[in-house]
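Here's the structure, in structure tokens; my notes come after.
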Amino acid sequence: MVSTRCAACLTAAMGLLSAIGSAARAECTPPSQTRRAGPARSITPLDLARLRDIGMPDSSLFELPSPLAVSPDGSKVAFLMSQGDPATNSYCRLMMVADIEANAKPRVVDRGGELITLRYGIRGLLVDIGFPDTVTPAWSPDGRSLGYLRRDHGVTQLWRVSVDGGDAAPVTRSPVDIEAWARTAKNDVVVASRPGQIDEAARIDAEGQSGWHYDARFSPEYGARPQMPANLPRRYETIELVSGTKRAARAEELALVEPARDAGVPGDAKIVSLTGARAWLARDGVSPLSPERVHFAGTQGHETACTAEQCAGGIVRLYWGADARSIVYLRREGWANSRMAFYRWTPGFGAPRRLSATGDVLLGCLPRGAKFLCLRETSSLPRRIAEIDPETGIATTVYDPNPEFASLRLRSVERLTWRNDNGLPAWGDLVLPPDYRAGQKLPMIVVQYHSDGFLRGGTGDEYPIFPLAARGFAVLSLEQPATIATALPDLKTWDEVNLAGMKEWADRRSELSSTLTGVGQVVARGIADPARIGITGLSDGASSARFALINSRAFAAAAISQSSFEPKTAMTYGGIAWAEYNRKLGYPPATTDAPDFWRPFSMAINARDMNVPLLIQAADDEYLLALETFTALRENGKPVDMFVYPHEHHIKWQPAHRLAVYDRDIDWFAFWFQNVIDPDPTKAAQYDRWRAMRARLNAASTPGSISRP
């Protein structure tokens, strides 16, 4: 992993990352805003793989920092735009500035840098999971320059550029990542890094000379080396921009990067007005699933809570109203939180007023006078920057980074709703081929496990929804129902919440009920062929798919991205820390035969009965966790195929790999459900294996089993 740095291994790690895609770089230019003439064309996997992003691509992560920065005079917005290029396996990264007006034409002020992926602590270890980090630029007080984080040669530094066309340059030259930064009142900067990572990596190297002791530092799927601890302390330095001198940050400067909770204010203070009034969210109960409610404290310290039903649950972010007295907030609400609404509450003047609501997803909203600047997307339109009037809900597009999508043939998406057998509300988005005609029965692919915003490829973005539809599939994109623990208000910790969901596989059974109910709706309408339904999933979605394959006969083919929970795997290949966590959830020891526990979830135990073709496309970080599943199925002659992607994480971050995953998923389902074979000669070996699988499957089929094309 890149997180283990020392004088020698730091150079090696930087070389590894810069070597990926270093032979050629992505063409790095902003898109033309001129619409292409001619008839609309079908969407392809390449269109999705080259989608331009502003901020974190996952549209279900509502509470992340905004990637937008409004200038001090309120007239401009700065943002980083990123686009993957599978041909060169690299990214185009553009720092841009646009006037806040309809159909603005942004200027590029810096060009270059590598994708910055998130690293954070999991069970005490520092892990890179592959999620792109949110890079938010910050304006200088005079509005003449921007500061921002940029990664080159595997290390993230603080950079600065003039918005009037000056050359961009690094402010720091740190041997380890600059993780956070802030401006001081004097317009100097405070930066945070963890230089102790260098000494820790050197210590691990030295220990290796006499052998590493196998302990909780190991997570074998990441390699045969102790992982970097996540709790190494940060160092805070203040840099004087004029002279370039550095010194240790003072307490008040450190607080700019790591703000402390306000003493005496319950909960986590969210916003503070210029007059000192405070507003924050605090949970109604002891459970971490309890709804968060809006609270207010005036300048005299008097505290009050908004008691209205609309003041709790689903609240994304709080803002001060333009009158500096009221509180405006954005809230998820409606059927299973499938809509968003702006509210205004003036403390001391009754219940809040609902201003406007939308089925669109709004992310990273920033106040701009009485309006908001947001990232806005729909199920069939990628993310755009828009100015929104909360009173009316009217949205004006400021910048569309993907104008080409206006020339693609995408059928309207239909939102379906239902309740599962626990009474929990759920929903899914049904996507059909652009030329679908009523009465056609189509093969259908289920994609999991969030369906917010633009429909790319489900959570983790591996199962290309619109390209699948363009190839003749119906696609049902599912939103996961709430955990059954929401009905247990006395739970006090996340461990207790997870344990409740694990008991007798309660959450898995609830999710399967929701999935089958949604699938049943589409089948009942005569759209989906019940003999040709596939299921997919990454992470928790992969676990749900495994459970569905074992506990139902609704699915005739499957594709997943991991396969980690098996009797030996859960307690062995993830390392000691993961095993101890699993024991808290009730998993039996690796040395204990517990077939009654594992039978509902283990493909290895059920391998003799697993006749559904299964494709696994795993990162090299995680393929070890799939070997027990793969081996058991293979030894029993079952149709299973697995691919491993190098230098990848839980979320695959390399553009070439994303396109390869997209293409192979389509190949897989087209083979099993449509008897379609891509004539590309480089895929000949792939189809030879799949034909052999189908021959064995048909030879072993019994009366009443699903016939294969």
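Inspection of the Thr536 and Glu462 side chains reveals no N or O donor paired with an N or O acceptor under 3.5 Å. With hydrogens and angles left out, the side-chain atoms of His650 and Ser539 include a donor and acceptor closer than 3.5 Å.
Few gaps surround CZ on Arg415; more than 12 heavy atoms of other groups in view lie less than 6.0 Å from it. The environment of Asp73 atom CG is dense: over 12 non-hydrogen atoms of other residues, nucleotides or ligands sit within 6.0 angstrom. The number of heavy atoms from other shown groups lying within 6.0 Å of CZ (Phe643) is above 12.
Checked for salt-bridge contact, Asp128 and Arg119 miss the test: no charged N lies under 4.0 Å from a carboxylate O. At a threshold of 4.0 Å, the pair Glu333-Arg354 counts as salt-bridged, since one of the basic side-chain nitrogens sits closer than that to a carboxylate oxygen.
For Tyr662 and Tyr463, the distance between ring centers is not under 6.0 angstrom. Note: Tyr687 and Trp690 meet the aromatic proximity criterion, with ring centroids under 6.0 Å apart.
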Tell me, with the steps shown, if Ser543 and Asp540 meet side-chain hydrogen bond (donor to acceptor under 3.5 Å, both in side chains).
CA-CA 5 Å; Ser543 296; Asp540 193 74; 5.2 Å; no
Please walk me through it: do Asp678 and Gln686 pass side-chain hydrogen bond (donor to acceptor under 3.5 Å, both in side chains)?
CA-CA 10 Å; Asp678 188 336; Gln686 165 181 287; over 6 Å; no
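Between Phe466 and Phe454, the ring-plane angle classifies as parallel under the 30° and 60° cut-offs.
Taking the side-chain hydrogen bond (donor to acceptor under 3.5 Å, both in side chains) definition, one finds that Lys105 meets it with nothing, sequence neighbours left out. Under the rule for a salt bridge (Lys or Arg N to Asp or Glu O under 4.0 Å), Arg471 has no partner lying at least two apart in sequence or in another chain.
The heavy-atom pair separating Leu410 from Ser380 by the smallest distance is CD1-O, 3.5 Å.
Counting heavy atoms from C-beta outward, Asp429 and Leu455 have side chains that approach closer than 4.5 Å.
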